[in-house]
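Contents: one structure, followed by commentary.
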Amino acid sequence: MDHAAVLALFDRDMREGARPDGPDALAERAGGVVRQVSSALGWNGVVWSDLDEASADAAIAAQIAHFSGLGREFEWKLYGHDFPVDLGQRLRGAGFTSEPEETLMIGEAAALNLDAEPPKGINILSVTDRAGVDLVAEVHEKAFGTDGSRLRHQLLAQLTADPDTVVAVVALAGDTPVSAARMELVPGTRFAGLWGGGTVEGWRGRGIYRALVAHRARAAVDRGYRYLQVDAMSTSRPILERLGFQPLTTTTPYVYTP
């Protein structure tokens, strides 16, 4: 894979040309940034910017004013190759809080190791209705220790309004949900994004996460997507590398609360 060419394609299609991630969201360009504006239960933030030392501070102030006017917490999704090089420092100086750095990893879907199957006793269920969404949210809350209301709202809205843009799965041990994940499909691009992969403590280290990645990768291939993209935490990066994903850059969420 040509890392520079794929990263440039990712920037063009998935960031500068970003589509809204749900029926209640809007993607719009405002000066040197592309942002998504959604409801309070949706994701609000900046996905792309084309800034320099002269324009960065004014652009940051404009986004703070815009989202604060809406009463929305928002995220500035900063990538390791974004300019200016001190953009992260400028965001912190403006009142943003940085969250842990992740690695942007991309793999050619058809070239990945897709033979991973769930361990014995684990069944993978496709999520298509409210009951399935509740199971995904339950896993999210247990695995990450955070409220699942936003995920529940977003996933149910996507499955209801545009089911072809999302694939969601939950792993069951008997009737107990122990792991879950979703895949965002972006029509008109070559990218599908893997999100939300989490496994409940006590079930980790058994190959369930790996099986859910392989399951979604096969679904992406079936739907004609060439690349899979993941914002990987340090715990999942080694698993993804064994499956054939490659690191291209870093990404760090910077969060601003009005």
Side-chain angles (χ1 to χ4, degrees), residues 1 3 6-23 25 27 34-36 38 42-48 75-82 99 101-112 114 126-127 133 136 140 144 150-151 153-155 157-159 161-170 179-198 209-210 212-233 235-237 239-241 243-253:
M1 177 170 33
H3 286 200
V6 173
L7 185 58
L9 181 66
F10 176 81
D11 281 344
R12 188 192 74 190
D13 287 358
M14 304 300 290
R15 300 183 64 207
E16 186 177 7
R19 281 80 159 170
D21 68 2
V34 173
R35 66 192 179 204
Q36 174 171 295
S38 186
W43 186 86
N44 290 271
V46 172
V47 296
W48 176 87
E75 175 185 321
W76 192 300
K77 196 166 176 59
L78 179 67
Y79 288 79
H81 58 292
D82 287 346
E99 296 187 347
E101 180 182 273
E102 299 173 331
T103 302
L104 172 66
M105 305 188 73
I106 292 179
E108 292 201 49
L112 297 174
L114 302 182
S126 295
V127 172
V133 169
V136 172
H140 180 89
F144 300 111
R150 176 179 291 182
L151 172 61
H153 169 81
Q154 178 183 346
L155 184 52
Q158 285 180 281
L159 288 170
D162 202 355
D164 291 334
T165 64
V166 63
V167 171
V169 290
V170 60
S179 186
R182 69 187 192 279
M183 177 169 65
E184 304 282 347
L185 304 168
V186 186
T189 77
R190 282 166 277 187
F191 291 92
L194 303 186
W195 300 96
Y209 173 81
R210 178 186 175 95
L212 291 185
V213 172
H215 180 93
R216 287 174 290 165
R218 289 191 290 267
V221 172
D222 290 344
R223 289 162 172 78
Y225 286 86
R226 180 173 180 180
Y227 297 109
L228 287 176
Q229 168 254 322
V230 189
D231 291 348
M233 296 184 292
T235 50
S236 55
R237 176 172 172 170
I239 301 170
L240 294 165
E241 287 180 325
L243 287 170
F245 286 82
Q246 300 178 38
L248 267 65
T249 186
T250 60
T251 178
T252 305

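What's counted below: heavy atoms across the whole structure, side chains too, no hydrogens, waters or symmetry copies. Given the structure is predicted, the values throughout are model-derived calculations rather than measurements.
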Exercise. Start with the C-alpha distance between E75 and W43, add both sets of side-chain angles, then the distance that settles side chain to side chain donor-acceptor pair (under 3.5 Å), and finish with yes or no.
Key: CA-CA 8 Å; E75 175 185 321; W43 186 86; 3.2 Å; yes
Exercise. Working to the nearest 0.5 Å, report the span between OG1 of T165 and CG of L159.
Key: 8.0 Å
Quiz item: Are K77 and D231 close enough that some pair of their side-chain heavy atoms sits under 4.5 Å apart?
Solution: yes
Quiz item: Counting distance only, does the side-chain N/O of R15 pair as donor-acceptor with the main-chain N or O of D13 below 3.5 Å?
Solution: no
Quiz item: Which atom names give the shortest non-hydrogen contact between P247 and T103, and what distance separates them?
Solution: CB-CG2, 3.6 Å
Quiz item: Heavy-atom distance under 4.5 Å between the side chains of Q246 and V6, does that happen here?
Solution: no
Quiz item: Which pair of heavy atoms, one from S126 and one from V169, lies closest together, and at what distance?
Solution: CA-CG1, 4.4 Å
Quiz item: H81 vs Y79 aromatic rings, parallel, tilted or perpendicular, using cut-offs 30° and 60°?
Solution: perpendicular
Quiz prompt | Any pair counted as side chain to side chain donor-acceptor pair (under 3.5 Å), so long as it reaches residues 215-227, sequence neighbours left out | solution = E108-R226
Quiz item: So do F10 and T189 actually touch side chain to side chain, heavy atoms under 4.5 Å?
Solution: no
Quiz item: Between L240 and A232, which heavy-atom pair has the shortest distance, and what is it?
Solution: CD1-CB, 3.6 Å
Practice problem: Report the distance from atom CG of L104 to atom OG1 of T250, rounding to the nearest 0.5 Å. | Solution: 9.0 Å
Quiz prompt | Over all atoms of both residues, closest heavy-atom pair of A25 and P20 | solution = O-CB, 3.4 Å
Quiz item: Just wondering, do L212 and S179 contact through their side chains at under 4.5 Å, heavy atoms?
Solution: yes
Practice problem: Supply the atom-to-atom distance H153 NE2 to S38 OG, rounded to the nearest 0.5 angstrom. | Solution: 6.0 Å
Quiz item: Which distance, rounded to the nearest 0.5 Å, do you find between the CZ of R210 and the CD1 of I239?
Solution: 8.5 Å
Quiz item: Looking only at atom types and distance, does a side-chain atom of Q229 sit under 3.5 Å from a main-chain N or O of F191, one as donor and one as acceptor?
Solution: no
Practice problem: Would you mind telling me which of D21, V127, L155, L185 makes a side chain to side chain contact (heavy atoms under 4.5 Å, CB included) with V166? | Solution: L155
Exercise. Could you please spell out the steps behind the side chain to side chain contact (heavy atoms under 4.5 Å, CB included) verdict for L151 and R182?
Key: CA-CA 10 Å; L151 172 61; R182 69 187 192 279; 3.6 Å; yes
Practice problem: Step through the shown structure and confirm whether more than 12 heavy atoms of other residues, nucleotides or ligands are within 6.0 Å of CZ on R190. | Solution: no
Exercise. Return the set of residues passing side-chain hydrogen bond (donor to acceptor under 3.5 Å, both in side chains) with N44 (not counting sequence neighbours), or none when no residue passes.
Key: none
Exercise. Any chance you could measure T249, atom OG1, to H3, atom NE2, to the nearest 0.5 Å?
Key: 11.5 Å
Exercise. Could you walk me through whether L228 and V213 pass side chain to side chain contact (heavy atoms under 4.5 Å, CB included), step by step?
Key: CA-CA 10 Å; L228 287 176; V213 172; 5.8 Å; no
Self-check item: A219 to M183 - nearest heavy-atom pair and separation
Solution: CB-CE, 3.8 Å
Quiz prompt | Min side-chain heavy-atom separation W48-D82 under 4.5 Å | solution = no
